Asker: 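Before we start, here is the structure in question, set down as structure tokens.
Just so it is clear, the structure is predicted and the values come from calculations on it, not from any experiment.
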Amino acid sequence: MKKYLKVVGITVGVLIVTGLVVAGITLIVLSTKGPDPPELVPLDWWEHTVIYQIYPRSFKDSDGDGIGDLKGITSELEHFVDAGVGAIWMSPIFVSPMVDFGYDISDFYNIHHEYGTMADFEELVQKAHALGIKVLLDYVPNHASIESDYFIRSEAREPGFENYFVWADPLINSTDNSRRVPSNWISQFGGSVWEWSEARQQYYLHQFAIEQADFNFREQAVRDEMINIMTFWLDKGADGFRVDAIPHLFEANPDDHGGVYPDEPLSGNMFLNPNQAGYTTQEHTRDLIELYDVVYEWRAGVDRWQEENGSETKVLLAEAYANISMTMLYYGDERGTLGAHFPFNFEFITSLSAASNARDFVFRIKHWLTYMPHGKVPNWVFGNHDNNRMPSRFRENMVDGLNALSLMLPGVAITYQGEEIGMRDGYVSWEDTVDVQACNQGNPDNYWQFSRDPARTPYHWDSSTSAGFSSNTTTWLPVADDYREINLAAQKLADRSHFKVYQSLTRLRKEPALSHGEYFLQSLSQNTLILVRHLLTHDTYALVFNVGTEEDTVDPSRITLVQDPLTIYISSIHSRRNTGDTISTPVTLQPGEAIILLTPPT
């Protein structure tokens with residue numbers, strides 16, 4: 001019995017020791033295993049996509065008339081697949097007299113003849129969707145052409161249309177009984193917002209060109225019609241809308257000002273003349289609080305269509321040049337009412353330039369992200385059809401770094417036609433200028449200060465006739481002189497090019513650190529910034545970008561998220577560093593140079 005107890009005791013002791021050893025090994029294994037990877041919540045199609053703005057008149061001409069068209073766009077849809085773009089947004093393609101090249105719409109329900117037919121649009125949508133590309137339309141609800149049926153019927157005081165536009169009686173001079181305009185408001189394109197109608201014997205309001213009469217959004221019939229128009233195009237397959245000129249939907253209500261349209265105080269800007277926008281404060285002509293209710297109505301209408309049709313999300317994107325607080329209201333209100341999926345972020349256009357340093361860039365990026373309501377999606381815009389092209393506003397050696405910022409920051413990246421190949425402003429002479437803004441406000445000596453034409457010249461496909469845009473040697477705007485140097489075909493063949501950097505960046509966006517990760521942003525010096533995208537257990541990527549005009553030496557490793565070894569994922573085309581190179585810190589960057597570093601998971 002004693003022997004048995006002894007054996008049992010030894011056995012039990014061995015088991016205890018063995019158990020302790022196993023437990024210890026288990027604890028060691030568990031302690032070295034590391035954290036579990038985070039759950040990657042599926043994103044809606046639009047929340048981390050790349051949206052590419054097409055200016056249809058200048059993208060691709062299929063029939064040789066020198067004007068881009070829908071068939072031309074359809075023929076080049078594979079370009080967007082190749083580039084890593086998820087959605088295209090087309091500037092207006094609707095019937096128009098083309099005073100403002102499509103932003104003066106005379107028929108909201110049909111395609112302008114120069115661009116093609118409804119069948120062409122339907123073919124474009126079908127092919128784009130087959131390729132996985134969403135199609136967004138540019139929607140212009142603020143105004144209509146004076147050639148529109150709406151305006152003609154309103155001018156004739158036809159019942160139901162009488163108040164479709166903003167009409168006002170003249171003020172009468174007591175000295176000579178002559179008429180004068182109802183207020184001192186100034187059009188965005190120069191001159192008074194008021195234009196006399198002989199037929200109606202009243203003034204109508206136009207915040208833009210004389211030929212673009214402003215709808216009256218205090219008229220319910222107008223608001224209903226705007227929903228009808230959007231519904232029509234959703235039924236046709238559109239995936240959403242970029243909504244134009246929303247800040248101008250409402251003007252001061254004369255009922256709130258003793259029955260008259262109140263004059264605006266002078267802004268005090270000594271660099272403007274009395275006929276230029278901004279000479280007055282514009283406090284009665286833009287950003288009135290009533291407009292947000294209309295935006296919220298549109299969102300409700302789009303969401304209702306989506307629910308009734310069981311479709312994917314249809315998006316509303318708001319064009320809104322406003323102060324940061326007013327801009328954020330486009331997302332929705334504090335009570336949870338939904339507005340646009342996002343208002344465009346124009347901070348890179350309005351607040352930054354070639355003179356900006358790294359701290360300016362960091363401040364402007366954080367400015368948007370600080371004010372943005374919780375749970376909303378940010379977006380980043382470096383150019384559009386209304387502003388000088390990105391390389392022309394900044395510097396040509398910054399193209400890859402600026403594209404990297406747009407594509408690596410959280411949220412939606414928006415690329416204007418040509419930015420993926422670094423297209424610069426084209427030269428357009430006074431004789432060739434067609435932009436109504438330049439023609440109204442400029443002359444042969446200063447028109448370039450107002451003209452939007454240089455950012456609208458035809459796309460550079462290759463080095464053939466008219467840059468491959470058209471078989472015609474004459475195009476609606478002249479092709480830029482540098483098309484043989486800067487074109488897509490050449491960049492596809494080159495060992496290094498802006499387009500190949502762009503492709504690498506859109507591939508990088510698929511990495512979890514960018515689609516779902518956190519961001520860290522800081523200036524390493526006055527000239528150089530660092531943007532780090534990181535997610536637990538996944539690779540970390542860091543953009544180091546010298547936005548200055550001088551060589552700069554910085555130490556990215558002082559940021560704890562950036563750990564050795566550091567490998568070059570991609571670099572700007574004039575960098576001496578190549579993909580796959582291992583680098584040590586500190587690192588010296590040339591002016592405009594951008595490198596993206598791959599660093600081990602945190």
Asker: Give a yes or no on whether the backbone of Asp100 and the side-chain of Asp104 come within a donor-acceptor separation of less than 3.5 Å.
Answerer: yes
Asker: Quick one, Tyr55 and Tyr416 - any side-chain contact, counting heavy atoms below 4.5 Å?
Answerer: yes
Asker: Between Tyr427 and Trp448, is the ring centre distance below 6.0 Å?
Answerer: no
Asker: Checking Ser463 against Asn487: is there a side-chain donor and acceptor pair closer than 3.5 Å?
Answerer: no
Asker: So, for Phe80 and Phe59, is the gap between ring centers shorter than 6.0 Å?
Answerer: yes
Asker: Which residue in the set Tyr519, Phe520, Tyr569 passes ring pair (Phe, Tyr, Trp, His ring centres under 6.0 Å) when paired with Tyr541?
Answerer: Tyr569
Asker: Between Glu114 and Arg57, is there a salt bridge with N-O shorter than 4.0 Å?
Answerer: yes
Asker: Check whether any side-chain N or O of Tyr139 sits under 3.5 Å from a backbone N or O of Met226 as a donor-acceptor pair, and report yes or no.
Answerer: yes
Asker: Are Lys134 and Trp46 in a cation-pi setup, meaning NZ or CZ lies under 6.0 angstrom from the ring centre and within 45 degrees of the ring axis?
Answerer: no
Asker: For Tyr459 and Trp461: C-alpha separation, side-chain torsions, deciding distance, then whether ring-ring contact (aromatic ring centres under 6.0 Å, His included) applies.
Answerer: CA-CA 6 Å; Tyr459 187 82; Trp461 293 101; 4.5 Å; yes
Asker: Using 30° and 60° as the class limits, which term best fits the ring planes of Phe348 and Phe382: parallel, tilted or perpendicular?
Answerer: parallel
Asker: Does Trp233 reach the side chain of Phe241, with side-chain heavy atoms less than 4.5 Å apart?
Answerer: yes
Asker: Checking Arg242 side chain against Leu136 main chain: does a donor-acceptor pair fall under 3.5 Å?
Answerer: no
Asker: Do Pro38 and His516 make a side-chain contact, defined as non-hydrogen atoms from C-beta onward lying under 4.5 Å apart?
Answerer: no
Asker: Could you verify whether a donor N or O on one side chain and an acceptor N or O on the other, from Glu347 and His367, lie under 3.5 Å apart?
Answerer: yes
Asker: Hydrogens and angles aside, do Asp400 and Asn403 bring a side-chain donor and acceptor to less than 3.5 Å of each other?
Answerer: no
Asker: Check whether any side-chain N or O of Ser504 sits under 3.5 Å from a backbone N or O of Lys500 as a donor-acceptor pair, and report yes or no.
Answerer: yes
Asker: Counting only heavy atoms from other residues, nucleotides and ligands, does the tally under 6.0 Å from CG of Asp235 exceed 12?
Answerer: yes
Asker: Does this structure show an ion pair linking Glu485 with Arg424, if we count only N-O contacts that are shorter than 4.0 Å?
Answerer: yes
Asker: So do the side chains of His48 and Val377 get within less than 4.5 Å of each other, counting heavy atoms only?
Answerer: no
Asker: We want to know whether Ser145 and Glu211 form a side-chain donor-acceptor pair, criterion being a heavy-atom distance below 3.5 angstrom.
Answerer: no
Asker: Looking just at side-chain N and O atoms, do Ser571 and Arg496 make a donor-acceptor pair shorter than 3.5 Å?
Answerer: yes
Asker: Got Val302 and Thr231 here, is their nearest side-chain heavy-atom distance under 4.5 Å?
Answerer: no
Asker: For residues Phe208 and His248, establish whether the separation of their ring centroids is below 6.0 Å.
Answerer: yes
Asker: Taking atom types as modelled and ignoring hydrogens, do the side chains of Asp462 and Tyr483 form a donor-acceptor contact shorter than 3.5 angstrom?
Answerer: no
Asker: Ring centroids only, cut at 6.0 angstrom: are His112 and Phe101 within range, meaning strictly under it?
Answerer: no
Asker: Strictly by modelled atom types, are His574 and Gln590 linked by a side-chain donor-acceptor pair under 3.5 Å?
Answerer: no
Asker: Between Asp61 (side chain only) and Asp65 (backbone N and O only), is there a donor and an acceptor less than 3.5 Å apart?
Answerer: yes
Asker: Does the Trp380 side chain pair with the main chain of Pro410, one donor and one acceptor, at a distance under 3.5 Å?
Answerer: yes
Asker: May I ask you to say whether Lys314 pairs ionically with Asp239, meaning some side-chain N is under 4.0 Å from a carboxylate O?
Answerer: yes
Asker: Go through the side-chain N and O atoms of Trp368 and Asn379 and say whether any donor and acceptor fall under 3.5 Å apart.
Answerer: no
